[in-house]
Amino acid sequence: NMAHLMLSATTRAVPRVAASSIRAVAIASRSVATASAEGAGNDAGFMTAAAVVGAVGLAAGVALPGAVAYAEPTTTEKSILGVADAMGIKHGGNADKAAAALADMFGVQVVDDAMLSKIAAIKKSNPTNLAVKNFDSKYYNKLSNDERAALIEIVRSGVENPDSGMGAYAMQPSDYDRFKPFFSKVLSDYHKVPTTAKHVTNWNLKGVKGLPEDGKLDLAKLGLPALSMRVRVGRNLADFPLPGAMNQDDRVAMEAKMCLAFDKLKATDGYGGRYHSLTPGHPDFINESEYKALVKSHIMFKDMAVDTYLATAGIASDWPFGRGCYVSEDKQFVIWVGEEDHLRIMCMFKGTLLNDVFDRLHNALDVIDTMPGLSFARSKDYGYVTSCPTNLGTGMRASVHIPLPNLTSDGTDSKAKAICKPLGLSVRGTGGEHTPIGKDGTCDISPSARFCISEAEIITALYTGLKLLKEEEKKAGIPDDIVKIKSIKKSNPTNIAIKTFNETYFNSLKSDEERLALLQIVRSGIDNADSGMGC
């Protein structure tokens, strides 16, 4: 009886099995189960599974196909699954999972020595790689076989790409809680928070200090014109693996489930629109030319295979299956499906009421999150789950484009950055990070934090920052206005406002507020030199 013979192996001493990439042979003995690795073949995890099952089988006195030389992976994989079935192990057709469970059953510790060696080397060569920096071999050795394999997948991108800044991608919605001893250190390192930090979700602006009592964040009242606003969040569905661990069937099933939400949005006032799918055979399938047009319009994302970090993490796999985007009727609300996260939900708006862009996004999130089977993945301590730890918590990036010609008159955004940094705001070019500011001095302003900051705090920081930037922009324009006034006094002596303007009196005023007020009085005369009155 196979089950009886295998169970008898639990009394034998079975040491660790190296999970190195195995090309041809797994060698084992009755008394000591081992697996030797020769060569550097592909499918390391699969070959390891064969070695483990073979070792366990021989230790139990059972000749399993996984223990002999093998050339056809499918044959060996079926053998592994067959043994798992005989032992009553649930594996979902995954040979690696089945082998790990068998190894756990018989006390065989599967250790990926090849990966551990790489990690040790990268700790020295690339100390800023956060995944590798915070990988603790002592913690790894305490884990079960299944957990060790899962943790290796989480850091695989960082190991295969040593120059990574982060290097870790969660593979399952539960990973942040399941591997908290690892992720708490990574999150602390990146987000500059304590390892014990907990995230709180809160969209409520009521009673927030520094905001208008009526809760209306009207930028026009700050003296600002209509500005381009954009807010996006990353979300993942709780019922599916995260993109790095999805297979093609998972991706297609997730897309199909999301189409239920898109149908609801299409029937909702203020949304409408349609879904565009890249999945062959999908009812909303679009052809290559339509896809390229969406990419050119910056509505759809590109094939991620060119991103080695995402490709190594498994996130870019199975293209184009399960990929697409929903676009609202006014093209100002977009949902990407199947990118770095299951969903990237974006809302764009040009206007003066900051609430509008956030409210529209929040309403759509509620529509999706409250539908059966579409609830978003959350961590009890870390908020909304995202593939990359950099986006964890709110998963939000909110930005506003604001012209700052006076503060950027030196051709740089250094003055704007000095103002924004204490407020936790980032300043960059309108084309994204590392791009130049606009010719008219337009900058992209956005809160830096995603984690351990609430949605309400992000909105507040953005509003407060815009208010302060407007005030400082006015002050920065004072010297230029004085130069213009001196010039107009000579070129247009009949301009009464400028003729009467006294610089000594101006400088004697007690505050910048008074000086700015006087300049505003004569603003028409400054901007229109041929004025008769000018104030």
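Values reported hereafter were calculated over all heavy atoms of this structure, with side chains retained and with hydrogens, waters and symmetry mates removed.
- Taking the side-chain hydrogen bond (donor to acceptor under 3.5 Å, both in side chains) definition, one finds that Ser387 meets it with Asp341, sequence neighbours left out.
- Partners of Thr460 according to the side-chain hydrogen bond (donor to acceptor under 3.5 Å, both in side chains) rule, which considers only residues two or more places apart in sequence or in another chain, do not exist here.
- No donor-acceptor pair under 3.5 Å is formed between the side chain of Asn161 and the backbone N or O of Asp163.
- Remark: Lys118 engages Glu160 in a salt bridge (charged side-chain N to carboxylate O under 4.0 Å, His left out) (not counting sequence neighbours).
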Exercise answer: donor-acceptor pairs, residues 249-265 side-chain atoms, under 3.5 Å, sequence neighbours excluded:
| residue | atom | partner | partner atom | Å |
| --- | --- | --- | --- | --- |
| Asp250 | OD2 | Asn247 | N | 3.1 |
| Arg251 | NE | Ser317 | O | 3.3 |
| Arg251 | NE | Asp318 | OD2 | 2.9 |
| Arg251 | NH1 | Pro243 | O | 3.3 |
| Arg251 | NH2 | Pro243 | O | 3.0 |
| Arg251 | NH2 | Met246 | O | 3.2 |
| Arg251 | NH2 | Gly314 | O | 3.0 |
| Glu255 | OE1 | Thr279 | OG1 | 2.7 |
| Glu255 | OE2 | Tyr275 | OH | 2.7 |
| Glu255 | OE2 | Ser277 | OG | 2.7 |
| Asp263 | OD1 | Lys266 | NZ | 3.3 |

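- By the 6.0 Å contact criterion, OH on Tyr190 is open, its count of non-hydrogen atoms from other residues, nucleotides or ligands being 12 or less.
- Note on Arg397 versus Asp444: salt bridge recorded, some NZ/NE/NH1/NH2 to OD/OE distance being below 4.0 Å.
- Ring geometry, Phe451 versus His199: the interplanar angle falls under 30°, so the pair is classed parallel (tilted spans 30 to 60°).
- Counting only heavy atoms from C-beta outward, the side chains of Leu227 and Leu224 approach each other to under 4.5 Å.
- The salt bridge (charged side-chain N to carboxylate O under 4.0 Å, His left out) check on Glu457 picks up nothing, with sequence neighbours excluded.
- Atom NZ of Lys180 is surrounded by more than 12 heavy atoms from other residues, nucleotides or ligands within 6.0 Å.
- A search for side-chain contact (heavy atoms from CB on, under 4.5 Å) contacts involving Ser375 returns Ala238, Asp369, not counting sequence neighbours.
- Comment: Asp214 does not engage Lys206 in a salt bridge, judged by the lack of any side-chain N to carboxylate O separation of less than 4.0 angstrom.
- Relative ring orientation between Trp203 and His362 is described as parallel, the plane-to-plane angle staying below 30° on a 0-90° scale split at 30° and 60°.
- Between Leu217 and Phe358, every side-chain heavy-atom pair lies at or beyond the 4.5 Å cut-off.
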